[in-house]
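Notes to accompany the following structure.
First the proteins, then the strands, lettered A, B, ... as listed; each starts at 1.
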Amino acid sequence: MHLVDFNIIELIAKSTSITVGLFFAVACISLLCVLLVDLVEHVYCSKKSKILASLVSMLSATPELVVLFLCYYGTLYILKSCAGHYIDCPPFAAGLIALSIIYTGYLLPLLHGAKLAVPALQIKSAQHLGLSKAQIYLCIILPQAFQHALPGLTNLAVSLVKDTSIIYLIGGQELMGITQAEAIASGQVMWFYLVAMIIYFVLCLAIEKSMSKCMKQPVGIIK
Amino acid sequence: MIYLSHNMLFLVSGIETTLTIAISSIVAGFVVACLIAYFYLPSTTLLHKGLFAYCKLIKGTPILLQLFFVYYGLGSVSALQHTIFWNVLKHPMACAILVLSNNSMAFVCHLLAGAILRIPQQQISGAKNLGLSKFKIYIHIQLPLAIKNIMPYYHNEILMLLKSSSLASTIACLEVSGVVSQIVSQNFQNLKWYGILAIIYIFLACVMLAAFKAAKLYLVKS
């Protein structure tokens with residue numbers, strides 16, 4: 001028998017909203033970062049840069065846990081060396097930085113693959129029309145690559161919702177943290193874990209359905 | 001010097017545990033997925049619907065939560081403590097292998113089912129004309145072709161399992177992340193040791209991908 005206490009329901013609802021907010025924040029930051037990095041790479045390097053590719057593959061081989069701890073302790077170290085004494089770093093800030101770095105690393109190969117699916121003829125005709133490299137990237141390559149990248153983006157979005165749970169390990173109080181704290185406090189671990197699993201499952205399902213709705217709408221003039 | 005060598009031995013035992021967990025989960029998940037992918041193919045049976053829902057649940061929940069569910073959740077159910085399952089549930093490494101192979105099975109099932117659906121129908125109808133049963137068609141034709149088709153996508157799966165094995169350190173399993181956490185709790189040199197841990201994981205990933213490439217070449221040859 002589990003206690004249906006309104007306080008617990010409120011806590012779980014609040015922590016779910018924190019998880020969703022974290023998801024949107026990391027998604028926005030990593031998308032912006034990857035677009036920036038790719039734009040700079042497209043404009044200034046004629047071929048795909050090998051250093052960036054090897055950095056990204058090394059990042060994708062490192063566990064999220066390790067990147068999270070490195071970001072957390074690295075931020076603390078930087079703050080301490082700047083200020084001279086210990087400054088506390090909120091776990092969500094470190095988690096945001098870590099998850100953004102990880103997902104930028106996942107998004108870069110995805111974007112490269114999606115860019116390859118854009119017909120090269122369009123880029124050539126745009127070059128003949130006199131468009132600059134940045135204009136070609138933003139107006140022609142990007143909208144069409146987005147449609148090709150959507151299935152991979154759906155996978156990454158679902159993976160991101162699940163990865164927000166690791167912030168519990170540096171003390172963040174989102175859905176996983178609140179679940180664990182309440183489970184240990186009340187002693188009825190199974191109920192809390194089941195509720196958390198259902199909430200994560202519903203979140204992942206919602207993301208999948210909304211992204212699949214995006215895929216039905218055609219983007220761009222030339223299909 | 002003795003202190004350094006003590007840390008090195010500790011790290012080596014942790015790397016051994018990590019490789020055990022990762023390789024066991026890969027192999028177990030692959031074998032079970034090969035057996036179960038037949039029921040994952042689209043059909044109207046209750047078994048398919050149940051399996052589909054179960055795999056969707058596994059793929060939609062974080063691995064950390066599943067680890068806690070199995071180790072702390074199922075381990076706290078007093079009814080289970082007197083059954084044979086307790087032999088698995090009391091060892092954190094066995095729980096980690098169980099959860100990770102579960103995850104691997106769910107993803108590989110999905111991959112295999114997609115690969116099976118892409119096999120040209122002429123092969124299946126030819127086999128049916130020869131009088132092969134559904135089970136024989138699955139074992140001799142659909143499965144080998146599907147495994148060959150998913151090999152390029154499998155290296156992602158291997159990396160995912162290696163990275164998820166680091167989460168086993170949260171349920172008191174002394175694999176390499178757990179070992180480094182313990183070392184760090186004693187000497188507080190956080191950045192240095194987590195940097196070493198990142199390098200260890202990159203090295204392990206290179207080793208595992210090289211082994212997988214060798215296995216792939218052997219499969220393609222035969």
Side-chain angles (χ1 to χ4, degrees), chain A residues 19 54 57-78 102 106 109 155 158-169 174-177 179-180 183-184 187-208, chain B residues 18 53 56-77 80 103 107 155-156 158-170 176-178 180-181 184 188-209:
Chain A
T19 301
S54 52
S57 60
M58 282 202 296
L59 182 66
S60 71
T62 325
E64 291 89 14
L65 195 78
V66 177
V67 178
L68 183 73
F69 283 152
L70 275 173
C71 283
Y72 182 57
Y73 293 118
T75 317
L76 284 176
Y77 180 76
I78 291 173
I102 294 169
Y106 287 157
N155 276 339
V158 168
S159 173
L160 177 55
V161 168
K162 296 192 293 176
D163 276 344
T164 53
S165 64
I166 53 169
I167 295 186
Y168 156 69
L169 297 167
E174 35 76 63
L175 182 59
M176 186 76 205
T179 306
Q180 182 75 345
I184 289 175
Q188 282 142 4
V189 282
M190 288 289 275
W191 284 111
F192 283 99
Y193 288 149
L194 277 170
V195 164
M197 279 175 118
I198 291 171
I199 294 176
Y200 272 116
F201 179 63
V202 164
L203 283 175
C204 292
L205 213 61
I207 288 171
E208 257 185 65
Chain B
T18 298
K56 215 162 172 110
L57 183 71
I58 295 288
K59 285 189 287 183
T61 43
I63 296 181
L64 193 62
L65 187 58
Q66 289 174 33
L67 273 171
F68 282 2
F69 180 77
V70 168
Y71 188 63
Y72 295 126
L74 288 182
S76 71
V77 171
L80 279 173
N103 267 282
F107 282 106
H155 77 274
N156 263 344
I158 289 183
L159 276 183
M160 194 194 95
L161 274 174
L162 183 65
K163 292 190 291 182
S164 312
S165 72
S166 70
L167 291 173
S169 64
T170 58
V176 75
S177 311
V180 166
S181 299
V184 152
F188 296 104
Q189 292 169 337
N190 293 314
L191 273 185
K192 170 180 156 199
W193 281 101
Y194 283 119
I196 293 176
L197 185 62
I199 295 172
I200 290 177
Y201 270 111
I202 293 169
F203 175 69
L204 282 178
C206 291
V207 164
M208 286 183 76
L209 286 178

Residue B:Ser169 versus chain A: region with a heavy atom under 4.5 Å | side chain

Does B:Lys56 reach the main-chain N or O of A:Leu205 with its side chain, forming a donor-acceptor pair under 3.5 Å?
-> no

Interatomic distance, CZ@A:Phe69 vs OG@B:Ser181, rounded to 0.5 Å, equals 5.5 Å

Could you have a look at B:Ile63, B:Asn156, B:Leu204, B:Leu57 and say which one has the most heavy-atom pairs with chain A under 4.5 angstrom?
-> B:Leu57

About how many Å separate OG of A:Ser60 and CD1 of B:Ile202, when rounded to the nearest 0.5 Å?
-> 9.0 Å

Euclidean distance, A:Met197 CE relative to B:Phe69 CZ, rounded to 0.5 Å = 5.5 Å

Validation row, ring centre A:Phe192 to ring centre B:Tyr72 under 6.0 Å | no

Partner residues of A:Phe201 under the ring pair (Phe, Tyr, Trp, His ring centres under 6.0 Å) criterion, sequence neighbours left out = none

Assert top hit (heavy-atom pairs under 4.5 Å, partner chain A, pool B:Val180, B:Val77, B:Leu162, B:Leu191) equals B:Leu191

What part of B:Leu159 lies closer than 4.5 angstrom to a heavy atom of chain A: side chain, backbone, both or neither?
-> side chain

Run the numbers on B:Lys163 and A:Val66 for side-chain contact (heavy atoms from CB on, under 4.5 Å), then give the verdict.
-> CA-CA 9 Å; B:Lys163 292 190 291 182; A:Val66 177; over 6 Å; no

Where does B:Leu74 contact chain A at under 4.5 Å (heavy atoms): side chain, backbone, both or neither?
-> both

N/O donor-acceptor pair under 3.5 Å between A:Lys162 side chain and B:Leu64 backbone = no

Of the backbone (N, CA, C, O) and the side chain (C-beta and beyond), which part of A:Met176 lies under 4.5 Å from a heavy atom of chain B, both, or neither?
-> side chain

Value rounded to 0.5 Å, distance of OG in A:Ser159 from CE in B:Met160 | 8.5 Å

Can you see which heavy atom on B:Ala198 is nearest to which on A:Thr62, and at what distance?
-> CB-CG2, 3.8 Å

side-chain hydrogen bond (donor to acceptor under 3.5 Å, both in side chains) with B:Thr18: which residues, sequence neighbours excluded?
-> B:Glu175

What class does the angle between the rings of B:Tyr194 and A:Tyr73 fall in, given that below 30° is parallel, 30 to 60° is tilted and above 60° is perpendicular?
-> parallel

Between A:Leu70 and B:Gly195, the two heavy atoms sitting closest are CD2-N, 3.7 Å

Mind checking the OG1-CD1 spacing from B:Thr170 to A:Ile166? Nearest 0.5 Å is all I need.
-> 11.0 Å

Side chain, backbone, both or neither: which part of B:Ser166 has a heavy atom under 4.5 Å from chain A?
-> both

Give the intermediate values and the outcome of side-chain contact (heavy atoms from CB on, under 4.5 Å) for residues A:Tyr193 and B:Leu65.
-> CA-CA 7 Å; A:Tyr193 288 149; B:Leu65 187 58; 3.9 Å; yes

Can you list the steps and then say if A:Tyr168 with B:Phe68 is a side-chain contact (heavy atoms from CB on, under 4.5 Å)?
-> CA-CA 12 Å; A:Tyr168 156 69; B:Phe68 282 2; 3.4 Å; yes

Measure distances from A:Tyr72 to the heavy atoms of chain B and classify the residue's part below 4.5 Å as side chain, backbone, both or neither.
-> neither

Gap separating the OG atom of B:Ser76 from the CD1 atom of A:Ile184, nearest 0.5 angstrom = 11.0 Å

Side chain, backbone, both or neither: which part of A:Leu169 has a non-hydrogen atom closer than 4.5 Å to chain B?
-> side chain

